[in-house]
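Atoms within each ligand, like the ligands themselves, are counted from 1 in listed order.
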Amino acid sequence: MPDAGNIRIDGHTLLAGVIGWPVAHSRSPLMHNWWLRQGGINGAYVPLPVAPGQFETAVRGLLAAGFRGVNVTIPHKESAYRIVDRLHRSARRSGSVNTLVFDSDGKIEGYSTDGDGFVANVEAHGIAVNGGRALLLGAGGAARAIAASLLDRGMEVLVANRTRARADALAASLEGVVVVDWAQAGSVLPGCAMLVNTTSIGMEGGAQAQFPLDLAQADPALVVCDIVYVPRRTGLLEWAAGHGLRTVDGLGMLIHQAGLGFEKWFGAKPDIGPAVEALLDADLRHPRARDAG
Ligand code: ATR
């Protein structure tokens, strides 16, 4: 085991970070720096608060200053999509970028790892993602990335969103997505193998009544996923567990979406095991978790 106390910042330190506004709540620095210490890697990962409108200036500056790349979070994922030199297929499909890699030739590569991170996390729970019907609630950036990854794995994807026009726009740009009226989502639930909540209802402490469906009607094999991880046990997951349904919470997606960036910037595969999950879980129980996302 490398000695964590020996890591120091010097002229060889590999640098990366997360750009967001706000960004203080992000658990990515905790996770990446823990991985760096575990791997004995001379690297550092810092939070980078960048106001809207300053995104491109900040990225060009980080590139010039020798950073290896950055994660991008709210509200910059679409700006990131626009400034990259090379768009990975994952980013093109999801219409946003959450991971920038600065190449040695000065070019910026953009990836979206949210969708594959979601799938990898579900698979890590021993659940195969290779067919059947998924119902996605919500039509924001996360829903789009997840829909693309589920379609890639041969799943049928239905999307229901409170604002129907947003679901229609998602379906127009992702071939194969079928839109269901928010109020009608309950009618398609019985044939579904997977239900994914990508709305922020759970973050707001939302109740069962806010979901347009009744889990009592679900197939007993339904897997219920929530991408919200604060709180870890959302109202939807508690409700699903009450019906004996399998559940997958959002913390694992946070961990899995981070792996690709870490590997590209720091040249090693991070340990996506229970230890990092325990580290984050303990941190989320801390009072500052109240203002986090
Ligand atoms: P992200 O990019 O992380 O997906 P987002 O773009 O802000 O986040 O999307 C949030 C999603 O949560 C949207 O689908 C939103 O629905 P609308 O498009 O109708 O706004 C959904 N959402 C948020 N609060 C909701 C609520 N109380 N009931 C239903 N849907 C809600």
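- Atom 6 (O) of ligand 1 has as its closest protein heavy atom Arg166 NH2, 2.7 Å.
- Ring pair Tyr45/His32 is parallel by interplanar angle, where below 30° counts as parallel and above 60° as perpendicular.
- Using a 4.0 Å cut-off between a side-chain N of Lys or Arg and a carboxylate O of Asp or Glu, Asp116 and Arg153 qualify as a salt bridge.
- Classified by interplanar angle (parallel below 30°, tilted 30° to 60°, perpendicular above 60°), the ring pair His76/Phe55 is parallel.
- A side-chain N or O of Asp226 and one of Thr234 form a donor-acceptor pair less than 3.5 Å apart.
- When only interatomic distances are considered, the shortest N/O to N/O separation between Trp182 and ligand 1 does not fall below 3.5 Å.
- In Ala139, the part holding a heavy atom less than 4.0 Å from any atom of ligand 1 is the backbone.
- Protein heavy atoms are found inside the 4.0 Å sphere centred on atom 2 (O) of ligand 1.
- Of all atoms in ligand 1, numbered sequentially from 1 with element shown, those under 4.0 Å from a heavy atom of Gly138 are 14 (O).
- Note on Arg8 versus Asp10: salt bridge recorded, some NZ/NE/NH1/NH2 to OD/OE distance being below 4.0 Å.
- Counting only N and O atoms by type, the side chains of Thr199 and Arg162 include no donor and acceptor under 3.5 Å apart.
- Per-atom contact check: atom 8 (O) of ligand 1 does not touch the protein, criterion being a heavy-atom distance below 4.0 Å.
- Considering backbone and side-chain atoms alike, Thr199 places every N or O at 3.5 Å or more from each N or O of ligand 1.
- Contact annotation for Ile74 and ligand 1: no heavy atom of the residue comes within less than 4.0 Å of the ligand.
- Contact annotation for Thr163 and ligand 1: heavy atoms of both the backbone and the side chain come within less than 4.0 Å of the ligand.
- Within the set Ala143, Ser200, Gly141, the minimum heavy-atom distance to atom 23 (C) of ligand 1 is found for Ser200.
- Using a 4.0 Å cut-off between heavy atoms, Gln210 contacts ligand 1 through its side chain alone, with no backbone atom that close.
- Under a cut-off of 6.0 angstrom, the local environment of CD in Glu78 is sparse, with at most 12 non-hydrogen atoms contributed by other residues, nucleotides or ligands.
- Distance from atom 20 (O) of ligand 1 to its nearest protein heavy atom, with residue and atom name: Arg162 NH2, 2.9 Å.
- By the 4.0 Å N-to-carboxylate-O rule, Asp219 lies too far from Arg133 to be salt-bridged with it.
- Of the protein's non-hydrogen atoms, Asn161 OD1, 2.6 Å is the one closest to atom 14 (O) of ligand 1.
- With Leu137 as reference, Asn197 is the one residue of Asn161, Asn197, Thr198, Val180 to meet the side chain to side chain contact (heavy atoms under 4.5 Å, CB included) rule.
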